[in-house]
Amino acid sequence: MSQVRVDSTADGSGAPNEAGELRGRTVVLIGGGSGIGLRVAHRVVAAGGRVVLGGRTAARLTAAAAELGDGARWQTVDTGDTASLAAFFDGIERVDHLFTTAASYQVGPMRELSAADAASPFESKFWGQYHAIRLAAPKLAADGSVVLMSGAASARPAGLAPAYVACNAAIEGLGRGLAVELAPVRVNVVSPGTVDGHLWSNRPDLARAAAFDQYRRDTLLGRPATEDEIAHSVVYLFTNTFTTGSTLYPDGGYTLR
């Protein structure tokens with residue numbers, strides 16, 4: 001059989017090339033002023049792309065944009081307000097890639113949460129992403145992508161939080177459904193486990209230590225993720241041009257135990 005050489009990137013490595021795929025692209029990151037979203041922004045800008053940061057706190061966005069340099073701009077937006085989302089996307093000519101991490105919700109046992117608190121993961125995390133994608137859809141590049149944020153609790157509940165578990169599972173189903181509807185735009189889901197970063201840094205020390213210790217016991221790799229490891233997964237989903245309708249679990253093997 002004759003040999004065939006395949007060079008899928010500029011460097012001939014056969015692997016996705018972040019710089020080649022993201023150079024000159026516009027990546028919208030709602031929740032990009034901190035945490036995983038900000039780490040994604042750093043990777044995009046380093047690869048020659050541009051980022052539009054969205055969030056509710058102007059001071060945080062200003063600081064993030066200054067940190068990122070000329071490749072970044074920002075605008076306040078509230079994913080719980082469709083008028084705010086519409087105004088945000090009105091100011092963007094083209095969206096090559098979209099990732100939304102902004103969400104605020106309560107978790108806990110069904111027997112203890114109020115109906116409103118139990119619904120909050122759906123109201124903020126599920127519908128916030130849904131409406132962001134709906135309003136971005138007219139601006140999405142045909143060869144672009146959307147990455148939704150779920151969580152590994154969808155596949156392995158970590159505790160008594162059934163509405164939160166169901167919300168994450170619903171987001172993964174939404175990703176598959178949108179991949180069909182929006183094709184050839186690619187839609188995928190990133191579903192991390194516990195991440196040592198911005199979110200947990202704002203929680204009490206004892207609660208954080210207990211959660212991290214439990215996660216070390218529950219994973220194959222014996223530690224929480226870093227924000228940059230999850231950002232790497234997001235950028236992979238941006239740049240792999242033949243992946244759609246998939247859920248990626250950068251969880252250290254948590255869902256396998």
Side-chain angles (χ1 to χ4, degrees), residues 18-19 21-81 84-104 124-125 128-137 139-141 144-151 171 175 178 185-192 195 197-199 225-240 248 250:
E18 290 183 10
E21 295 292 341
L22 292 173
R23 187 176 293 114
R25 296 283 191 151
T26 298
V27 180
V28 177
L29 302 166
I30 301 179
S34 61
I36 294 168
L38 181 55
R39 296 316 308 163
V40 172
H42 275 280
R43 284 181 168 269
V44 171
V45 170
R50 300 179 296 270
V51 294
V52 180
L53 308 177
R56 292 184 296 181
T57 307
R60 180 178 294 167
L61 295 169
T62 301
E67 185 180 313
L68 291 162
D70 293 340
R73 62 186 179 93
W74 63 270
Q75 182 177 331
T76 56
V77 63
D78 181 353
T79 60
D81 181 342
S84 175
L85 278 167
F88 176 78
F89 284 109
D90 278 347
I92 302 172
E93 182 177 349
R94 172 188 171 104
V95 179
D96 290 299
H97 303 287
L98 172 64
F99 180 51
T100 301
T101 57
S104 179
S124 182
K125 190 172 184 179
Q129 293 186 83
Y130 179 97
H131 289 302
I133 298 165
R134 179 176 64 84
L135 291 164
K139 307 291 183 76
L140 285 169
S145 75
V146 174
V147 177
L148 288 87
M149 172 68 92
S150 176
I171 291 167
L178 288 174
V185 174
R186 295 176 295 104
V187 182
N188 294 289
V189 184
V190 65
S191 188
V195 180
H198 173 77
L199 179 66
T226 67
E227 290 176 334
D228 203 55
E229 286 171 323
I230 309 308
H232 183 278
S233 298
V234 174
V235 172
Y236 162 77
L237 293 172
F238 286 162
T239 58
N240 188 294
L248 181 60

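Contact between Gly24 and Arg50 at its shortest, heavy atoms only, is O-NH2, 2.9 Å. Scanning all heavy atoms of the two residues, the minimum distance from Leu237 to Ser145 falls at O-OG, 4.1 Å. Between Pro250 and Ser191, the shortest heavy-atom contact is CD-O, 3.7 Å. In this structure, Arg186 and Asn240 approach most closely via the heavy-atom pair NH1-O, 2.8 Å. Nearest heavy-atom pair, Thr100 versus Met149, reported as atom, atom and distance to 0.1 Å: O-CB, 3.7 Å. The nearest pair of heavy atoms linking Ala86 to Leu135 is N-CD1, 3.7 Å.
Under a 3.5 Å cut-off, the side chain of Glu227 and the backbone N or O of His198 do form a donor-acceptor pair.
Here the CG-NE2 distance, from Asp81 to His131, works out to 10.5 Å after rounding to the nearest 0.5 Å. Between the OG1 atom of Thr239 and the NE2 atom of His97 there is a distance of 7.5 Å, given to the nearest 0.5 Å. Rounding to the nearest 0.5 Å gives a distance of 9.5 Å between OG of Ser233 and CD1 of Ile36. In this structure, CD1 on Ile30 lies 9.5 Å from CD1 on Ile133, to the nearest 0.5 angstrom. For the atom pair Thr101 OG1 and Leu38 CG, the distance stands at 9.5 Å (nearest 0.5 Å). In this structure, the separation between OG1 on Thr226 and CD on Glu229 is 3.5 Å, given to the nearest 0.5 Å.
With sequence neighbours excluded, no residue satisfies side-chain hydrogen bond (donor to acceptor under 3.5 Å, both in side chains) with Gln75.
By the 4.5 Å heavy-atom criterion applied to side chains, Asn188 and Leu248 are not counted as neighbours. Phe88 is listed as a side-chain neighbour of Val28, based on a closest heavy-atom distance under 4.5 Å. Between Lys125 and Ile171, the closest side-chain pair of non-hydrogen atoms falls below 4.5 Å. The side-chain heavy atoms of Val146 and Leu178, taken from C-beta on, include no pair separated by under 4.5 Å. Looking only at side-chain heavy atoms (C-beta outward), Val147 and Val40 stay at 4.5 Å or farther from each other. Between Phe89 and Leu98, the closest side-chain pair of non-hydrogen atoms falls below 4.5 Å.
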Ignoring hydrogens and angles, write down the donor-acceptor pairs under 3.5 Å from the side chains of residues 53-67, residues two or more places apart or on other chains.
from, atom 1, to, atom 2, distance (Å)
Thr62, OG1, Ala58, O, 2.8
Glu67, OE2, His42, NE2, 2.6

Steps toward side-chain contact (heavy atoms from CB on, under 4.5 Å) verdict (Leu85, Thr79): CA-CA 6 Å; Leu85 278 167; Thr79 60; 4.3 Å; yes
